[in-house]
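Below is one structure, written out as structure tokens, with a few remarks after it.
Hydrogens, waters and symmetry mates are skipped; everything else that's a heavy atom, side chains included, is used. Reminder, nothing fancy here: chain letters follow the sequence lines and each chain counts from 1. Everything numeric in this text was worked out from a predicted model, so none of it was measured.
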Amino acid sequence: MPVWTFPNTVFFLRRNMKHNHNIYSIDSIAYNSKLNSWNPEFKIIFSLLSLFACVLSADIFVPVFVIISMAAISIILGKTDQRSYFKLMTVPLAFIICGAIATAVDISAEPTGDYILDLNAFFIHTTNGAVFKAVQTALKALGAVSALYMLTLSTPVHEITSAMRRIHIPKLIIELMELIYRFIFILAQVYHTLNTSAGSRLGYNGLKTSFRTFGTIAANLFIISLKKAGMYYDALESRCYTGELLFLREKKPLRSRHVAFAVIYFISVITIMYLQAVN
Amino acid sequence: MTHKQKTTVLLSIVFTVIMGFSLNTGAMHIMEGYLPAGYCIGWGVLCLPFLAAGFFSIKKTISQNRRTLTILSMAGAFVFVLSSLKIPSVTGSCSHMTGTGLGAILFGPCATSILGIIVLIFQAILLAHGGLTTLGANTFSMAIAGPLVSYGLYKLLPKLKVNRLVSVFIAAFIGDLFTYCVTSVQLAMAYPSETGGYIASVLKFLGVFAPTQLPLAVLEGILTVLIIMALENYAKREIAVLGYFREAK
């Protein structure tokens, strides 16, 4: 079932550029989002606060509120294509559902619990409480992912790293992150070429050949990446690189209506928490 | 329902549950929101000394030779891309390498921890794979525990007169298995079994993950050997920069 796990679909989908819902499209979605003009630090704090609200909430209402509101923010305010949005969400959703199943069921030699599946050798069983807890966890997780995707689909990675630079995460880590992010795209392109080339020479004909091809491609990818790394260093040095990479930052001032929006949003979240606690 | 129908339903439920487990662990990342706050912080704190060691080790390497900055970044991107490549597998299910064993062998466990956490951050924010709250737990299992075991074995086995490629295989294989054991323990600590408690829960997660993780670990081992063989043939000079041949000779 290759469509279920994202990492594999990255390259599976790259071949079908029409259905391009992957890390490459995430980058362009972020640049094209109407929310891109919002202040990045504001978006980061907004999304992280919602994320923590989801994870820390004791009930299911806050996560449900966050799931719906974040979808609305991305699609209505950000003008992100809704098909892309839901397609991107299905990937973590698959993981979340499977994870929920794994935490809900229990295996033992004794038949206990509310629902029991007899497998002769042992029993798979679960209780109402466990099922409820699993659903709750799944919703929390989905809420957290929604909150994070609001950020990812509206903020290019270099703005996130530049915000990290401002909170004094070591320069070295930031530089590594910025370079790694750029290099991922380059390597993915190289991999695509290598893979097509190997495939057109029957490199995936049979399991044994496939393995050898995979190993060779991975090794070649590594060699090419090292050569490219050398080239990039030369390029950097010829542009007077002395140990610090700086990128131009667009000015994106914090607007009062955005702050007002956030205040109203978190008042709603707190109200929901309060209502839940009272009932 | 007839007996046949019952059997069909039963089998399909079992299939779904097993698929559930295999998908969950095929990723081997704990999803966002699956760990209570205490565990998130605890695992994060546990990672700190290793990350600090990694940070200083990278800093030292770079101050000696600035060129290694781009090489390390490329290595990080390589681990990210490698972990997103589909392995040709027997069942047709989707499996992918963790790449951490290879990382540990090539760059050492310290550098791998830093590269690992960066890759995990990107996987979390770009792919919603793993998560920011579970970053500590995932970093510990994938970028610290696994690589440390791999590296230890990789250094230890040749001293016991084991063939080098065999030791590469064992290092990657055991490293992968160890990562999955740590993940199982992490999940079990957060979700102790209602009937059997903590130990039963560890056994549950270990047991249901084993059918998918064992073959995956073997694959990881074989592929790591293939990659190392190819690298030794074609890129001796390049990997010498990374210190791969330093002690191996």
Side-chain angles (χ1 to χ4, degrees), chain A residues 1-2 4-8 10-11 23 26 54-56 91-92 94-96 98-99 101-103 105-108 112 117 124 127 130 137 140-141 144-145 148-149 152 170 172 176-177 179-180 183-184 187-188 191 207 210-211 214-216 218-219 221-223 225-226 228-229 232-233 243, chain B residues 10 13-14 17 20-21 23-24 26-27 31-34 37 55 58-59 62 66-67 69-74 76-78 80-88 90 93-94 96 118 122 125-129 131-133 191 193-196 200 204 207 222-223 226-227 230-231 234-235 238:
Chain A
M1 257 177 261
W4 277 36
T5 51
F6 194 82
N8 311 321
V10 173
F11 299 95
I23 167 174
I26 283 179
C54 266
V55 175
L56 296 177
V91 179
F95 281 120
I96 287 167
C98 297
I101 296 172
T103 50
V105 300
D106 219 344
I107 291 173
S108 69
T112 52
L117 188 62
I124 295 182
T127 58
T137 316
K140 271 187 192 179
V145 170
L148 209 53
Y149 259 9
T152 316
L172 178 66
L176 274 174
M177 282 184 79
L179 286 175
I180 286 176
F183 290 166
I184 285 171
L187 286 191
Y191 169 75
L207 195 66
S210 304
F211 270 122
F214 185 94
T216 323
L221 192 64
F222 189 71
I223 296 164
S225 73
L226 287 179
K228 282 196 184 267
Y232 287 116
Y233 187 77
Chain B
L10 198 120
I13 292 173
V14 172
V17 171
F21 286 125
L23 273 169
N24 190 38
M31 281 297 297
E32 190 87 88
Y34 267 79
F55 177 74
I58 290 186
K59 202 165 189 176
I62 287 179
R66 285 223 69 92
R67 195 172 275 270
L69 178 73
T70 45
I71 293 175
L72 275 173
S73 318
M74 267 298 177
F78 178 72
F80 184 98
V81 172
L82 190 70
S83 69
S84 58
L85 295 185
K86 192 174 179 299
I87 294 178
V90 198
S93 75
C94 36
H96 60 91
I118 294 178
F122 279 141
I125 60 177
L126 296 173
L127 311 175
H129 196 214
L132 287 186
T133 52
Y191 296 93
S193 161
E194 283 183 10
T195 47
K204 167 188 119 180
I222 296 174
L223 288 170
L226 283 175
I227 295 172
L231 285 178
Y234 301 121
E238 278 88 351

A:Ile180 backbone acceptor or donor facing B:Ser73 side chain under 3.5 Å = no
Greatest number of heavy atom pairs closer than 4.5 Å to chain B - which of A:Val55, A:Leu56, A:Leu148 = A:Leu148
Is [Y] close to [X] at the side-chain level, that is, under 4.5 Å between some pair of heavy atoms?
X        : Y        : answer
A:Leu187 : B:Met74  : yes
B:Ile227 : A:Thr216 : no
A:Phe214 : B:Leu223 : yes
B:Leu72  : A:Leu176 : yes

Under 4.5 Å from any heavy atom of chain A - which part of B:Ile62 | side chain
To the nearest 0.5 angstrom, please state how far the CD1 atom of B:Ile125 sits from the OH atom of A:Tyr149.
-> 10.5 Å
So how far is it from B:Phe78 CZ to A:Ile184 CD1, rounded to the nearest 0.5 Å?
-> 13.0 Å
For chain A, which of B:Thr133, B:Leu132, B:Leu69 has the most heavy-atom pairs under 4.5 Å?
-> B:Leu69
